[in-house]
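So the structure is just underneath, and the comments pick up after that.
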Amino acid sequence: MSDNLVGKLLIATPLLRDPNFERSVVLLCQQNEDGFLGLILNRPLEATVGEHIPEWEHLVSAPPRIFEGGPVQREVALALGRRTDGASERGWTPIADDLGLLDLSGSPSELWGVVEELRIFSGYAGWAAGQLQGELKEQAWFVVDAEPSDPFAEDSEALWQRVLRRQPGNLAMFANFPPDPGLN
(Lines give C-alpha, C1' and ligand atoms only; values in the text may rest on other atoms or scores of the structure.)
Protein backbone atom coordinates (compact mmCIF):
# COMPACT_ATOMS: atom_id res chain seq x y z
CA MET A 1 0.00 0.00 0.00
CA SER A 2 1.70 3.14 -1.17
CA ASP A 3 -1.22 5.52 -0.76
CA ASN A 4 -0.96 8.10 1.96
CA LEU A 5 -3.63 7.30 4.55
CA VAL A 6 -2.96 10.25 6.86
CA GLY A 7 -6.25 12.00 7.62
CA LYS A 8 -8.34 8.92 6.83
CA LEU A 9 -10.45 7.00 9.32
CA LEU A 10 -10.01 3.34 10.13
CA ILE A 11 -13.35 1.85 11.13
CA ALA A 12 -13.09 -1.48 12.93
CA THR A 13 -15.07 -4.12 11.05
CA PRO A 14 -17.29 -6.51 13.01
CA LEU A 15 -14.56 -9.13 12.43
CA LEU A 16 -12.12 -7.18 14.63
CA ARG A 17 -12.71 -8.58 18.11
CA ASP A 18 -9.53 -7.24 19.76
CA PRO A 19 -10.86 -5.37 22.84
CA ASN A 20 -8.35 -2.57 22.21
CA PHE A 21 -10.00 -1.78 18.88
CA GLU A 22 -13.47 -3.35 18.83
CA ARG A 23 -15.92 -0.85 17.26
CA SER A 24 -13.25 1.82 17.24
CA VAL A 25 -12.85 4.78 14.92
CA VAL A 26 -9.18 5.65 14.42
CA LEU A 27 -7.89 8.82 12.79
CA LEU A 28 -4.57 8.11 11.07
CA CYS A 29 -2.25 10.96 12.04
CA GLN A 30 1.18 9.96 10.80
CA GLN A 31 2.61 7.56 8.25
CA ASN A 32 6.25 6.86 7.46
CA GLU A 33 8.57 3.97 6.59
CA ASP A 34 8.30 2.74 10.21
CA GLY A 35 4.51 2.42 10.13
CA PHE A 36 1.44 4.35 11.25
CA LEU A 37 0.28 6.36 14.26
CA GLY A 38 -3.41 6.97 14.92
CA LEU A 39 -5.80 8.11 17.62
CA ILE A 40 -9.00 6.33 18.65
CA LEU A 41 -11.69 9.02 18.49
CA ASN A 42 -14.57 7.26 20.24
CA ARG A 43 -13.20 6.21 23.65
CA PRO A 44 -13.72 8.94 26.24
CA LEU A 45 -12.28 8.11 29.64
CA GLU A 46 -13.75 9.11 33.00
CA ALA A 47 -10.73 11.29 33.70
CA THR A 48 -11.11 14.97 32.91
CA VAL A 49 -8.50 17.26 31.44
CA GLY A 50 -8.91 19.49 34.51
CA GLU A 51 -7.81 16.64 36.81
CA HIS A 52 -4.58 15.90 34.96
CA ILE A 53 -3.51 18.94 32.95
CA PRO A 54 -5.70 21.80 34.22
CA GLU A 55 -3.80 24.47 32.29
CA TRP A 56 -5.28 23.03 29.06
CA GLU A 57 -8.86 22.62 30.30
CA HIS A 58 -10.11 25.98 28.97
CA LEU A 59 -9.08 25.03 25.40
CA VAL A 60 -10.55 21.53 25.08
CA SER A 61 -13.75 20.76 23.23
CA ALA A 62 -16.73 19.27 25.05
CA PRO A 63 -16.77 16.91 26.74
CA PRO A 64 -13.66 18.05 28.66
CA ARG A 65 -12.52 14.46 29.21
CA ILE A 66 -9.31 12.74 28.25
CA PHE A 67 -9.78 10.18 25.49
CA GLU A 68 -8.08 6.80 25.17
CA GLY A 69 -6.01 7.29 22.03
CA GLY A 70 -4.89 3.69 21.90
CA PRO A 71 -3.05 0.93 23.74
CA VAL A 72 0.48 2.25 23.09
CA GLN A 73 2.21 4.43 25.72
CA ARG A 74 -0.92 5.33 27.67
CA GLU A 75 1.19 7.53 29.94
CA VAL A 76 1.83 9.88 27.00
CA ALA A 77 -0.61 12.72 26.31
CA LEU A 78 -1.23 13.79 22.72
CA ALA A 79 -3.29 16.76 21.59
CA LEU A 80 -5.34 16.87 18.42
CA GLY A 81 -6.47 20.30 17.33
CA ARG A 82 -8.13 22.34 14.63
CA ARG A 83 -6.49 25.69 14.14
CA THR A 84 -7.93 28.93 12.86
CA ASP A 85 -7.06 30.28 9.41
CA GLY A 86 -3.59 31.75 9.19
CA ALA A 87 -2.48 30.39 12.57
CA SER A 88 1.21 29.83 13.23
CA GLU A 89 2.65 26.42 12.45
CA ARG A 90 4.94 26.48 15.49
CA GLY A 91 4.37 23.36 17.58
CA TRP A 92 2.04 21.99 14.91
CA THR A 93 2.24 18.67 13.00
CA PRO A 94 -0.30 18.81 10.17
CA ILE A 95 -2.64 15.91 9.45
CA ALA A 96 -5.12 17.38 6.96
CA ASP A 97 -6.14 20.95 6.13
CA ASP A 98 -6.52 22.73 9.49
CA LEU A 99 -6.27 19.53 11.59
CA GLY A 100 -3.05 18.54 13.34
CA LEU A 101 -1.20 17.37 16.42
CA LEU A 102 -0.18 20.06 18.91
CA ASP A 103 2.87 20.19 21.10
CA LEU A 104 1.66 20.14 24.72
CA SER A 105 5.03 21.30 26.06
CA GLY A 106 4.27 24.89 25.05
CA SER A 107 2.07 27.32 26.91
CA PRO A 108 -1.67 26.93 26.33
CA SER A 109 -2.00 30.73 26.51
CA GLU A 110 -0.09 30.92 23.21
CA LEU A 111 -2.92 28.99 21.54
CA TRP A 112 -5.82 31.15 22.73
CA GLY A 113 -7.61 32.26 19.55
CA VAL A 114 -5.37 30.01 17.43
CA VAL A 115 -7.06 26.67 18.18
CA GLU A 116 -10.77 26.29 17.44
CA GLU A 117 -11.11 22.74 18.77
CA LEU A 118 -8.85 20.57 20.90
CA ARG A 119 -8.95 17.08 22.31
CA ILE A 120 -6.40 15.39 24.61
CA PHE A 121 -5.61 11.68 24.25
CA SER A 122 -3.88 9.21 26.53
CA GLY A 123 -1.71 6.96 24.38
CA TYR A 124 -2.06 6.17 20.72
CA ALA A 125 -2.62 3.36 18.24
CA GLY A 126 0.50 2.27 16.39
CA TRP A 127 1.33 -0.17 13.62
CA ALA A 128 4.84 -1.26 12.61
CA ALA A 129 5.81 -1.25 8.94
CA GLY A 130 3.56 -3.71 7.07
CA GLN A 131 1.33 -4.45 10.08
CA LEU A 132 -1.63 -2.25 9.11
CA GLN A 133 -1.42 -3.43 5.50
CA GLY A 134 -1.77 -7.00 6.79
CA GLU A 135 -4.78 -6.08 8.91
CA LEU A 136 -6.40 -4.39 5.91
CA LYS A 137 -5.90 -7.55 3.82
CA GLU A 138 -7.53 -9.53 6.65
CA GLN A 139 -10.51 -7.13 6.43
CA ALA A 140 -10.12 -5.93 10.01
CA TRP A 141 -10.66 -2.29 8.99
CA PHE A 142 -12.72 -0.18 6.62
CA VAL A 143 -10.80 2.88 5.36
CA VAL A 144 -13.07 5.91 4.84
CA ASP A 145 -12.82 9.67 4.54
CA ALA A 146 -13.12 11.73 7.71
CA GLU A 147 -15.53 14.63 8.02
CA PRO A 148 -14.35 17.79 9.83
CA SER A 149 -16.64 17.13 12.81
CA ASP A 150 -15.50 13.52 13.42
CA PRO A 151 -12.42 14.15 15.62
CA PHE A 152 -14.34 16.47 17.98
CA ALA A 153 -17.79 14.85 18.06
CA GLU A 154 -19.43 15.55 21.40
CA ASP A 155 -21.28 12.21 21.28
CA SER A 156 -18.16 10.30 20.26
CA GLU A 157 -19.44 6.97 21.58
CA ALA A 158 -21.97 6.90 18.68
CA LEU A 159 -19.27 7.72 16.11
CA TRP A 160 -18.75 4.14 14.88
CA GLN A 161 -22.38 3.79 13.81
CA ARG A 162 -22.64 7.36 12.50
CA VAL A 163 -19.56 7.09 10.27
CA LEU A 164 -20.71 3.74 8.86
CA ARG A 165 -24.25 4.96 8.32
CA ARG A 166 -23.09 7.81 6.05
CA GLN A 167 -21.05 5.51 3.78
CA PRO A 168 -22.30 4.69 0.29
CA GLY A 169 -23.57 1.29 -0.79
CA ASN A 170 -23.43 -1.85 1.31
CA LEU A 171 -20.90 -0.43 3.77
CA ALA A 172 -23.69 1.52 5.51
CA MET A 173 -25.41 -1.75 6.47
CA PHE A 174 -22.62 -2.53 8.95
CA ALA A 175 -23.86 0.32 11.15
CA ASN A 176 -26.69 -1.99 12.23
CA PHE A 177 -24.42 -4.94 13.04
CA PRO A 178 -25.19 -6.06 16.62
CA PRO A 179 -22.37 -5.85 19.20
CA ASP A 180 -22.73 -9.57 19.88
CA PRO A 181 -24.41 -11.45 17.01
CA GLY A 182 -24.56 -14.58 19.17
CA LEU A 183 -27.26 -12.97 21.32
CA ASN A 184 -29.69 -12.64 18.38
Side-chain angles (χ1 to χ4, degrees), residues 1-45 66-83 89 92-104 117 119-153 156-182:
M1 172 186 312
S2 61
D3 292 344
N4 186 350
L5 297 179
V6 171
K8 299 280 189 182
L9 294 179
L10 295 179
I11 309 301
T13 70
L15 298 174
L16 185 56
R17 304 304 288 185
D18 177 340
N20 290 308
F21 294 106
E22 191 171 359
R23 290 190 174 237
S24 65
V25 177
V26 179
L27 174 68
L28 288 174
C29 301
Q30 293 181 342
Q31 174 180 349
N32 60 36
E33 63 278 352
D34 295 328
F36 293 86
L37 179 141
L39 294 171
I40 299 174
L41 300 178
N42 60 330
R43 298 260 171 91
L45 298 170
I66 294 175
F67 280 66
E68 179 188 330
V72 181
Q73 291 188 325
R74 288 191 173 145
E75 69 282 1
V76 172
L78 291 124
L80 178 67
R82 181 173 318 287
R83 64 185 180 163
E89 295 203 13
W92 181 262
T93 304
I95 295 171
D97 298 325
D98 57 354
L99 187 66
L101 295 173
L102 289 163
D103 181 1
L104 286 172
E117 297 178 288
R119 186 144 285 160
I120 307 288
F121 294 87
S122 170
Y124 60 91
W127 293 265
Q131 185 180 5
L132 180 58
Q133 293 85 337
E135 290 180 16
L136 291 172
K137 285 179 185 169
E138 293 171 2
Q139 299 181 344
W141 301 99
F142 299 121
V143 179
V144 302
D145 290 331
E147 288 190 356
S149 62
D150 291 338
F152 307 101
S156 64
E157 293 172 74
L159 192 60
W160 186 83
Q161 284 185 312
R162 194 169 53 252
V163 170
L164 284 170
R165 200 169 282 128
R166 72 176 184 235
Q167 301 308 309
N170 292 335
L171 193 52
M173 292 188 313
F174 285 97
N176 299 316
F177 199 87
D180 186 352

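Throughout, residue positions are numbered sequentially from 1 according to the sequence presented. Here the structure is a predicted model, which means the values were calculated and not measured.
Gly81 and Trp92 make their closest contact through O-CH2, 3.2 Å (heavy atoms, listed as atom of the first residue, atom of the second, distance). Counting all heavy atoms, side chain and backbone alike, Ala129 lies closest to Glu33 at CB-O, 3.3 Å. Here the closest non-hydrogen pair linking Gly38 and Tyr124 is O-CB, 3.5 Å. The shortest heavy-atom contact between Ala172 and Arg165 is CB-O, 3.7 Å. The minimum heavy-atom distance between Gly7 and Ala96, with the atom names listed, is CA-CB, 4.4 Å. The shortest heavy-atom contact between Leu15 and Gln139 is CD1-O, 3.8 Å.
Counting heavy atoms from C-beta outward, Phe121 and Val76 have side chains that stay 4.5 Å or more apart. With a 4.5 Å cut-off on side-chain heavy atoms, Ser24 and Arg43 count as touching. You'll find the side chain of Val26 stays beyond 4.5 Å of the side chain of Leu41, heavy atoms only. Side-chain contact between Gln133 and Phe36: present, with at least one pair of heavy atoms (C-beta onward) separated by less than 4.5 Å. Considering only heavy atoms from C-beta on, Leu171 stays 4.5 Å or farther from Ile11 through its side chain. Looking at Leu101 and Leu80, their side chains come closer than 4.5 Å, going by heavy atoms from C-beta outward.
Each of Leu99, Val144, Val163, Asn42 was scored for a side-chain contact (heavy atoms from CB on, under 4.5 Å) with Asp150, with one residue passing: Val163.
Residues passing the side chain to side chain donor-acceptor pair (under 3.5 Å) test with Asp34, sequence neighbours excluded: none.
Surrounding CG of Asp97 are at most 12 heavy atoms belonging to other residues, nucleotides or ligands under 6.0 Å away. A 6.0 Å sphere centred on CD of Glu22 holds more than 12 heavy atoms belonging to other residues, nucleotides or ligands.
Atoms CH2 and CD, on Trp127 and Gln31 in that order, are 11.5 Å from each other to the nearest 0.5 Å. Note: Leu164 CG to Asn176 CG = 9.5 Å, rounded to the nearest 0.5 Å. Here the CG atom belonging to Leu27 is positioned 11.5 Å from the CG atom belonging to Leu5, to the nearest 0.5 angstrom. Atom CG of Leu9 is separated from atom CH2 of Trp160 by 13.5 Å, given to the nearest 0.5 angstrom. We find the CG-CG distance between Leu132 and Leu37 to be 11.5 Å, quoted to the nearest 0.5 Å. Interatomic distance, CD1 of Ile120 versus CG of Leu45, reported as 12.5 Å (0.5 Å rounding).
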- Could you please spell out the steps behind the side-chain contact (heavy atoms from CB on, under 4.5 Å) verdict for Leu16 and Trp141? CA-CA 8 Å; Leu16 185 56; Trp141 301 99; 3.5 Å; yes
* Can you list the steps and then say if Glu68 with Ser122 is a side-chain contact (heavy atoms from CB on, under 4.5 Å)? -> CA-CA 5 Å; Glu68 179 188 330; Ser122 170; 5.7 Å; no
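Stacking of Arg82 on the aromatic ring of Phe152 is not recorded, the 6.0 Å distance cut-off and the 45° axial limit not both being met.
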